[in-house]
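Model, not experiment: these values are computed from the prediction.
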Amino acid sequence: MDGGGGTLPSMDAFDSFLFSLSNAFSTPLALFVQIQGCVICLVLAFGWACAAYVRNREIKRIKRRVRAGNSFAFICNDISELEHSNQVNLPRVTVIMPLKGFGEHNLHNWRSQVTSLYGGPLEFLFVVESTEDPAYNAVLRLLSDHRDDVDAKILVAGLATTCSQKIHNQLVGVEEMHKDTKYVLFLDDDVRLHPGTIGALTAEMEKNPDIFIQTGYPLDLPSGSLGSYCIYEYHMPCSMGFATGGKTFFLWGGCMMMHADDFRYDRYGVVSGLRDGGYSDDMTLAAIAGAHKRLITSPPVAIFPHPLASDLNLGRYWNYLRKQTFVLESYISHVNKIMNRALFTSHCYLSWGFVAPYFMSMIHVAAALRFYTKGYSLEEAGVSSVGMSMVCSLAACTVIELFSMWNLTRVEVHLCNILSPEAPQLSLASYNWGLVFIAILVDNFLYTISAIRSHFSQSINWSGIRYYLKDGKINKIERSIPKVDMGPIYTDLGGKHLYGKKGMAPKVSFLGSLAKTLAQWRQPKKFDS
């Protein structure tokens with residue numbers, strides 16, 4: 001071998017290429033990228049550690065109350081709150097659930113919502129687009145089972161024309177809520193509530209009238225597929241923003257409690273902002289809160305089990321990711337547009353900045369193994385020791401990151417079990433941490449592709465409805481009618497059946513989904529049906 005890192009005489013073309021690539025990934029710029037990857041891992045680990053501390057602090061509080069004699073600490077802070085004299089003074093709450101389709105976990109989720117142990121006046125409004133929605137008959141059966149126990153009804157909202165169908169359903173529910181309602185709680189149909197959730201949210205609103213919105217966040221329960229682990233990994237970085245124990249800038253549309261009068265009088269433009277071209281309910285309301293300096297909070301008990309569909313494949317994950325990245329293309333003001341562009345740019349940079357070091361490390365390891373199997377030492381082969389040092393550093397940082405993710409998940413699982421003692425206990429035993437690591441790489445790699453696709457398309461197909469944006473708002477809506485012989489159509493994370501026909505779910509591969517997406521880039525209308 002020549003001195004100074006020359007090539008070995010027995011190198012073939014592939015060896016030479018691998019050798020050159022390994023050395024290229026040892027330059028100062030490449031080392032910066034790899035160090036950046038380590039820093040991202042450690043920042044995520046620190047954020048999850050802080051989130052775990054907040055959730056664990058709540059667990060300790062609940063246990064202290066139980067030891068002090070409050071057997072209902074999972075419902076209320078002080079057992080005296082359950083006395084009749086206190087219960088009769090609780091404010092009226094209206095729970096609005098915009099529905100679309102019917103999935104394997106929906107019935108269980110709805111039951112957890114309507115069987116809340118909130119002691120004040122409470123009504124539930126299930127809102128569907130039409131009676132043809134499979135959710136309609138499912139809700140009717142649910143309400144017939146609980147007709148003597150809960151105040152609930154189902155509303156038919158009709159078709160949305162100026163905003164997303166979900167927002168349209170929410171606003172129809174607001175119009176029909178009880179005239180004495182003080183707080184309105186918006187829930188997604190995949191939220192599994194704890195018995196004391198509504199009471200805890202209401203108590204915080206009563207304690208601090210300055211709260212504009214209270215929110216929470218899901219704890220994803222992967223079903224075992226790589227797609228479900230990608231969803232879990234996608235949500236985990238945001239979870240630290242909801243585990244503050246109080247003020248936050250984050251908002252999740254799956255759980256939002258607000259003052260009913262804000263909608264009755266269109267305060268801060270909440271109704272007009274949603275109705276006039278709104279695509280995303282949470283991003284729109286978060287932008288309004290920021291513009292008017294209103295308070296968003298997330299109590300530490302607002303963490304909800306979120307079981308994912310058993311057949312959630314990579315194709316369905318990609319469709320979900322497309323809808324999530326498309327959110328950043330909507331905005332309600334120039335400032336909101338700038339903020340979304342900043343989020344778009346930073347998220348894309350950090351996603352690929354996170355993945356790139358692993359690709360570089362793979363090349364370093366492949367080169368080292370290749371030459372080792374041929375009987376050469378790393379020094380003889382000229383493989384950079386700096387590059388291998390970075391591989392070891394990245395591996396250590398990855399272990400720390402995964403441990404912190406595991407710890408936060410463990411704490412949140414424990415908290416959910418305490419808050420729902422009557423429910424089947426959740427467990428970490430089913431989590432596959434090898435798949436979690438793979439999902440981290442897949443999700444971060446695909447995020448940038450999805451975000452760029454959303455930016456240039458300015459349209460999205462959501463549950464059979466294609467929305468077109470102009471100046472950040474919906475300006476055109478097209479609906480595709482499913483062909484009779486197509487079989488059932490599934491969407492979202494719960495594998496919900498959308499159109500009422502029974503049958504087997506169509507097998508859509510991830511590569512097939514990507515190929516269709518590329519075709520949609522130029523001909524979106526052709527593929528809507």
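Nearest heavy atoms, Leu419 versus Val301: CD1-O, 3.5 Å. Here the closest non-hydrogen pair linking Asp189 and Gly101 is OD2-O, 4.4 Å. Here the shortest heavy-atom pairing between Ala135 and Val128 reads CB-CG1, 4.3 Å. For the residue pair Ile477 and Thr162, the shortest heavy atom distance occurs at CD1-N, 4.2 Å. Nearest heavy-atom pair across Pro121 and Leu90 is CD-O, 3.4 Å. When every heavy atom of Ile303 is checked against every heavy atom of His194, the shortest pair comes out as O-NE2, 2.7 Å.
With hydrogens and angles ignored, the 3.5 Å screen pairs no side-chain donor or acceptor of Thr345 with any backbone N or O of Ala342. Using modelled atom types, one side-chain atom of Ser225 and one backbone atom of Ser228 make a donor-acceptor pair closer than 3.5 Å. Using a distance-only test at 3.5 Å, with no hydrogens or angles considered, a donor-acceptor pair links the side chain of Asn417 to the main chain of Val413. Checking side-chain atoms of Thr248 against main-chain N and O of Phe242 turns up no donor-acceptor pair under 3.5 Å. With Ser112 contributing its side chain and Leu193 its backbone, the two residues share a donor-acceptor pair below 3.5 Å. Although no hydrogens or angles enter the test, the distance criterion places a donor-acceptor pair under 3.5 Å between the side chain of Tyr467 and the main chain of Gln165. Thr325 places a side-chain N or O within donor-acceptor distance of the main-chain N or O of Arg322, the cut-off being under 3.5 Å. Without hydrogens or angle criteria, Asn340 side chain to Ser330 main chain gives a donor-acceptor distance under 3.5 Å. Looking only at distances, no side-chain donor or acceptor of Asp151 sits under 3.5 Å from a matching main-chain atom of Glu123. With hydrogens and angles disregarded, no donor-acceptor distance shorter than 3.5 Å links the side chain of Ser450 to the backbone of Tyr447.
Taking the centre of each ring, Tyr279 and Trp462 come in below the 6.0 Å mark. In summary, the aromatic rings of Phe263 and Phe186 are positioned with their centroids under 6.0 Å apart.
A distance of 10.0 Å separates SG in Cys348 from NE2 in His455, rounded to the nearest 0.5 Å. Taking CG of Asn475 as the start and OH of Tyr468 as the end, the distance is 10.0 Å to the nearest 0.5 Å. Leu117 contributes atom CG, which lies 9.5 Å from atom CD1 of Ile198 (distance to the nearest 0.5 angstrom). Distance CZ/Arg61 to CG/Asn56: 11.5 Å, rounded to 0.5 Å. Atom CG of Asn444 is separated from atom CD1 of Ile40 by 8.0 Å, given to the nearest 0.5 angstrom. If you take CG on Leu328 and CE on Met339, they are separated by 11.0 Å, rounding to the nearest 0.5 Å.
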Worksheet entry | Test log, rule side chain to side chain donor-acceptor pair (under 3.5 Å), inputs Tyr234 and Asp220 | CA-CA 10 Å; Tyr234 176 82; Asp220 290 323; over 6 Å; no
Discussion item. Assess the residue pair Phe126 and Phe124 against the criterion (side chain to side chain contact (heavy atoms under 4.5 Å, CB included)); give the C-alpha distance rounded to whole Å, side-chain angles, the decisive distance to 0.1 Å, and a yes or no.
Written reply: CA-CA 6 Å; Phe126 296 84; Phe124 296 88; 4.1 Å; yes
Item to complete: Kindly determine whether Leu295 and Lys247 satisfy side chain to side chain contact (heavy atoms under 4.5 Å, CB included), including the steps that lead there.
Response: CA-CA 7 Å; Leu295 178 62; Lys247 182 179 179 180; 3.6 Å; yes
Practice prompt. Under the side chain to side chain contact (heavy atoms under 4.5 Å, CB included) rule, what do His306 and Val191 come out as? Steps first, then yes or no, please.
Written response: CA-CA 6 Å; His306 182 212; Val191 172; over 6 Å; no
Practice prompt. Show your working on side chain to side chain contact (heavy atoms under 4.5 Å, CB included) between Ile474 and Ser164 and close with a plain yes or no.
Written response: CA-CA 8 Å; Ile474 292 175; Ser164 69; 4.2 Å; yes
Practice prompt. Could you please spell out the steps behind the side chain to side chain donor-acceptor pair (under 3.5 Å) verdict for Tyr232 and Thr409?
Written response: CA-CA 10 Å; Tyr232 164 75; Thr409 306; 2.5 Å; yes
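Between Leu159 and Glu129, the closest side-chain pair of non-hydrogen atoms falls below 4.5 Å. When side chains are defined from C-beta on, Val93 counts as touching Met257, because their heavy atoms get closer than 4.5 Å. Side-chain contact between Phe437 and Leu402 is present, with heavy atoms from C-beta onward closer than 4.5 Å. At a threshold of 4.5 Å between non-hydrogen side-chain atoms, the residues Leu99 and Tyr136 do not count as touching. With contacts defined as side-chain heavy-atom distances shorter than 4.5 Å, the pair Met256/Leu251 qualifies. In this structure, Ile400 and Leu42 have side chains that are in contact, with non-hydrogen atoms separated by less than 4.5 Å. Contact annotation: the side chain of Cys255 approaches that of Leu185 to within less than 4.5 Å [non-hydrogen atoms, C-beta and beyond]. Residues Glu58 and Val54 are not in side-chain contact: their nearest non-hydrogen atoms beyond the backbone lie 4.5 Å or more apart.
Side-chain polar atoms of Thr215 and Ser298 form no donor-acceptor pair below 3.5 angstrom. Using modelled atom types, one finds a donor on one side chain and an acceptor on the other under 3.5 Å when comparing Gln170 with Asp281.
Classification of Lys182 and Glu206 as a salt-bridged pair holds, one side-chain N sitting under 4.0 Å from a carboxylate O. Between Asp210 and Arg294 there is no salt bridge, since no side-chain N of the basic residue sits under 4.0 Å from a carboxylate O of the acidic one. Using a cutoff of 4.0 Å between basic side-chain nitrogens and carboxylate oxygens, Lys166 and Asp188 are scored as salt-bridged. Taking 4.0 Å as the cut-off between side-chain N and carboxylate O, Glu329 and Arg341 count as a salt-bridged pair.
Within a 6.0 Å sphere centred on CZ of Phe72, other residues, nucleotides and ligands contribute 12 heavy atoms or fewer.
Applying the salt bridge (charged side-chain N to carboxylate O under 4.0 Å, His left out) rule to pairs touching residues 401-416 yields Arg55-Glu412, sequence neighbours excluded.
If you run ring-ring contact (aromatic ring centres under 6.0 Å, His included) between His259 and each of Phe212, Tyr265, Tyr183, only Tyr183 comes through. Screening Asp78, Asn77, Asn70 against Arg65 for a side chain to side chain donor-acceptor pair (under 3.5 Å) leaves a single residue, Asn77.
Aromatic ring pairs are classed by plane angle as parallel below 30°, tilted from 30° to 60° and perpendicular above 60°; the pair Tyr229 and Tyr431 is perpendicular.
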